[in-house]
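Notes follow once the structure below has been shown.
Since the structure is predicted, the reported quantities are computational estimates derived from the model, not experimental observations.
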Amino acid sequence: MKIAVMADVGRCDFKEDFIPKSESVIDLVRVACYIHQIPAAVEMIEYFHDLGYETSCNIMAVSQASHDQLDDALEMLGQSSVDVIYLVDSYGSLYPENAAKLAKKYLEVGEKYGKAVGFHAHNNQNLAFANTIETMSYGVSYLDATAMAMGRGAGNCAMELLLGFLKNPKYNLYSLLTFIENYMLPLKESGVVWGYDIQYMLTGQLNRHPREAMAFTAEERTDYCEFYKSLLDNF
């Protein structure tokens, strides 16, 4: 098991916040950025690499990026010291066919430069698991998943689904179920809210950031029709 942390471009003082790997319990730093922030992300990646960390780069919101933008970004990352390049479905807007096409593009760069490729799904359209196993079938090897699909907004790929699909004896589903019973169910019962709901489906279908759906959830609203109309008015 390795410990990983996320460092967002522009949202952390990375030269102050990180100590050398030899003095740290952290193994891997995931640098998160938008497509226009790739040069800044590469600077961070090189800094963390020099400190001794493994690194990945999560390019967010690629569903809204142009082909040329993505090609340029992947080429820059391929030439960097990054270990893993992540395909991220930030808005939960991808379908398996889209996820497959993007995975092939990332894997071409990965093969060219000797990089591993990962996939990070969001479950806005109940497709996080389907998209994860689709990208895996083409060779994506870092698969993000969480217990009971816990994550921001609609959540991520459910680990219990993924481990059940992999059927690998080194993964113990019983241990995960024990963790869910002891920790995840009490979280749910305490009022922590995450997971698929109509408002997240709508932002996913419209390929939009879930911030409006998150506000809708926090306000405990159920007027889905009005919410949908407001999204279309601001489309």
Side-chain angles (χ1 to χ4, degrees), residues 4 6-10 28-46 48-49 54-146 151-158 161-162 165-166 203-210:
M6 184 82 84
D8 284 62
V9 169
L28 183 146
V29 183
R30 299 159 65 108
V31 176
C33 67
Y34 289 102
I35 199 88
H36 66 279
Q37 298 172 318
I38 289 292
V42 170
E43 180 188 359
M44 292 174 66
I45 287 163
E46 299 302 341
F48 296 136
H49 175 78
E54 296 176 55
T55 57
S56 74
C57 186
N58 292 35
I59 315 174
M60 300 182 289
V62 292
S63 57
Q64 292 187 340
S66 71
H67 292 298
D68 289 343
Q69 284 178 314
L70 186 55
D71 287 341
D72 290 344
L74 291 175
E75 189 66 22
M76 289 180 68
L77 288 175
Q79 294 177 27
S80 76
S81 299
V82 77
D83 298 293
V84 189
I85 304 173
Y86 257 91
L87 167 56
V88 182
D89 184 13
S90 297
Y91 302 154
S93 62
L94 297 181
Y95 297 96
E97 181 181 4
N98 314 124
K101 288 179 180 177
L102 286 167
K104 290 176 188 177
K105 182 187 287 285
Y106 279 63
L107 287 162
E108 283 178 10
V109 173
E111 185 173 344
K112 178 180 177 181
Y113 290 103
K115 311 295 185 185
V117 175
F119 183 66
H120 181 92
H122 282 266
N123 202 37
N124 295 62
Q125 300 188 82
N126 268 331
L127 289 171
F129 173 57
N131 287 337
T132 298
I133 62 175
E134 179 73 9
T135 61
M136 186 192 74
S137 72
Y138 291 96
V140 171
S141 54
Y142 279 65
L143 308 174
D144 285 6
T146 57
R152 182 195 69 181
N156 303 109
C157 175
L161 283 172
L162 185 58
F165 171 80
L166 294 174
T203 57
Q205 288 179 345
L206 295 173
N207 192 18
R208 288 173 59 151
H209 194 286

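Among residue pairs with one or both ends in residues 114-146, those qualifying as ring pair (Phe, Tyr, Trp, His ring centres under 6.0 Å) are H120-H122; sequence neighbours excluded.
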Going through the distances and angles, do M44 and V29 end up as a side chain to side chain contact (heavy atoms under 4.5 Å, CB included)?
CA-CA 10 Å; M44 292 174 66; V29 183; over 6 Å; no
Apply side chain to side chain contact (heavy atoms under 4.5 Å, CB included) to I45 and C57, showing your working.
CA-CA 8 Å; I45 287 163; C57 186; 3.9 Å; yes
Before giving the answer on side chain to side chain contact (heavy atoms under 4.5 Å, CB included), spell out for D144 and R30 the whole-Å C-alpha distance, their side-chain angles and the decisive distance to 0.1 Å.
CA-CA 12 Å; D144 285 6; R30 299 159 65 108; 2.5 Å; yes
Carefully, step by step, assess I133 and L162 under the rule side chain to side chain contact (heavy atoms under 4.5 Å, CB included).
CA-CA 8 Å; I133 62 175; L162 185 58; 4.1 Å; yes
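Considering every non-hydrogen atom in both G204 and S93, the closest pair reads O-CB, 3.1 Å. Minimum interatomic distance between E46 and S81 (heavy atoms only, all atoms of both residues): OE1-OG, 2.6 Å. L77 approaches K115 most closely through the heavy-atom pair O-CE, 3.9 Å. Considering every non-hydrogen atom in both G78 and V109, the closest pair reads CA-CG1, 4.2 Å. Heavy atoms only, all atoms of each residue included: P210 and T203 are closest at CA-OG1, 4.1 Å. Considering every non-hydrogen atom in both I38 and A73, the closest pair reads CG1-CB, 3.6 Å.
Counting only heavy atoms from C-beta outward, the side chains of L70 and Y106 approach each other to under 4.5 Å. A 4.5 Å side-chain heavy-atom check between L87 and V62 finds at least one atom pair inside the cut-off.
Between the CG atom of N126 and the CG atom of N131 there is a distance of 11.0 Å, given to the nearest 0.5 Å. Here the straight-line distance linking atom CG of N156 with atom OG1 of T146 works out to 4.5 Å at 0.5 Å rounding. Rounding to the nearest 0.5 Å places CE of M60 at 14.5 Å from OH of Y86. Separating the CD1 atom in I35 from the CG atom in D68 is a distance of 10.5 Å, to the nearest 0.5 Å.
Put simply, the residue from V140, L143, L127 that forms a side-chain contact (heavy atoms from CB on, under 4.5 Å) with T132 is L143. When D89, N207, N98 are each tested for a side chain to side chain donor-acceptor pair (under 3.5 Å) with S63, only one passes: N207.
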